[in-house]
Number of protein chains: 2
Amino acid sequence: MKLIEAKQHFISSWGAFGTHWGINRTMAQIHALLLISSDPLTQDDIMEELTISRGNTNMNIRELINWGLVDRLLLSGERKEYFTAEKDIWKVVKQIVKERKKRELEPMLQLLDKLEEVEGDKRDKHVKSFVDTISGIKKLGKQADRTLDTMIKAEESWFISSLMKVFK
Amino acid sequence: MKLIEAKQHFISSWGAFGTHWGINRTMAQIHALLLISSDPLTQDDIMEELTISRGNTNMNIRELINWGLVDRLLLSGERKEYFTAEKDIWKVVKQIVKERKKRELEPMLQLLDKLEEVEGDKRDKHVKSFVDTISGIKKLGKQADRTLDTMIKAEESWFISSLMKVFK
DNA sequence: TCGAATTTTCAAAATTAATTGAAACTAAAT
DNA sequence: ATTTAGTTTCAATTAATTTTGAAAATTCGA
């Protein structure tokens, strides 16, 4: 397979992959493109490469910057802005985990805390079924939260070697 | 908070949560409803509770069964089908991980294997950047694949106690 | 075998999400 | 101060996804 073909393949697959994880296709594609580019790219480069509009490109780059996955780069003597993606995939994964934890897991845990305090007789099977389910989710969720915190702080080498020992 | 109110809260939040993870709102809501119900429910119960159409209910129940998250139940003497969800949240998580691994991670790893073999001089920085990124993703992906395999086989108690020791 | 109860399908409609592109805005260069 | 290159915004459009509901299919009891 030629490089150009392989790149296209990767970009489109990464885009499709993203849609299964609640990330829009274009955002995932821009990320993929920046991941495999040896040099920083401008908005125009990205528009042209992915054949998408200026507005779409701009909004999704901004969103990637919010997620901490892409950096704006000002080259001296150049008026245009350039963009690069973090290439160390372990850092990328940690960053995504960090953001999703903050945006989704933490609010969910707060909600579960409130729901667990529902009024009513705990011996009533309807109440019991509800509280048991909520408690179970909360317990696992809190564990996941702690585990992810540690993961976010970890080095890749540490992650791999430690998990290799345990998960065996 | 009253039970009925708490249930509605949980169902709607679980639905919104699902949409961030590539799962449609209704499917997540039906799953939530079954999770917190003390008894099995019929299609009509679900339709009524969530005020959704028969077709929608039916399709999403089917999808939940495909995912292995919901079981069909035939009560003797009853003509209608009843449905229940696995209540053990650890089993639920393992089942979701198992399916997503099969549907998404494994195909992605296969693709990366092919893309890594791109033609061209590895000293060319364009080729190198591409191959390095692909290799990095593949390496982490394969590690994740192995880790998840072990997790799928694990007991919850084992999971929590082991991880507590490592991630500390 | 027939008929009623129940489940399933799927084309059309409704809803939601993504994308465009032109205008407004901003900031550097002249 | 004005022009110009570049960036951002957002209302309107387009595309994708979800939902409906009625018809078809199936299943079970009489």
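All chains are named by letter (A, B, ...) in the order of the sequence lines, taking the proteins before the strands, and each is independently numbered beginning at 1.
In this structure, B/Arg72 reaches the C/dT8 phosphate: one of its side-chain N or O atoms is under 4.0 Å from OP1 or OP2.
A straight line from CD1 of B/Ile61 to C1' of C/dT7 spans 10 Å, rounded to a whole angstrom. Atom CG in B/Leu74 sits roughly 12 Å away from atom C1' in C/dT7 (whole-Å rounding).
For the residue pair B/Asn58 and B/Arg62, a side-chain donor N or O sits within less than 3.5 Å of a side-chain acceptor on the partner. With 3.5 Å as the limit, one finds no donor-acceptor pair spanning the side chains of B/Ser12 and B/Gln8.
Side-chain contact between A/Val92 and A/Ile89: present, with at least one pair of heavy atoms (C-beta onward) separated by less than 4.5 Å.
For the helix from C/dT1-D/dA30 to C/dT30-D/dA1, the rotation axes defined at the first and last 5 base pairs enclose an angle of 10°, given to the nearest 10°.
A heavy atom closer than 4.0 Å to some atom of DNA chain C occurs in A/Asn24, A/Thr26, A/Ile52, these being the qualifying members of residues 17-52 of chain A. DNA chain D is contacted by no residue of residues 8-16 of chain B, taking any non-hydrogen atom closer than 4.0 Å.
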Revision key, fill the gap. In 5'-to-3' order, the base (B), backbone-only (S) or no-contact (-) status of each nucleotide in nucleotides 21-30 of chain C, using a 4.0 angstrom heavy-atom cut-off, is B-----BB--
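Contacts between chain B and DNA chain D, taken as any atom within less than 4.0 angstrom of a protein heavy atom, begin and end at D/dT18 to D/dC28.
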Going by atom type alone, with no hydrogens or angles, which donor-acceptor pairs under 3.5 Å involve a side-chain atom of residues 26-39 of chain B and a protein atom two or more places apart or on another chain?
from: B/Ser37; atom 1: OG; to: B/Leu33; atom 2: O; distance (Å): 2.6
from: B/Asp39; atom 1: OD1; to: A/Lys125; atom 2: NZ; distance (Å): 3.0
from: B/Asp39; atom 1: OD2; to: A/Lys125; atom 2: NZ; distance (Å): 3.0

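Note: B/Trp14 and B/Phe17 have parallel aromatic rings, judged against thresholds of 30 and 60 degrees for the angle between ring planes.
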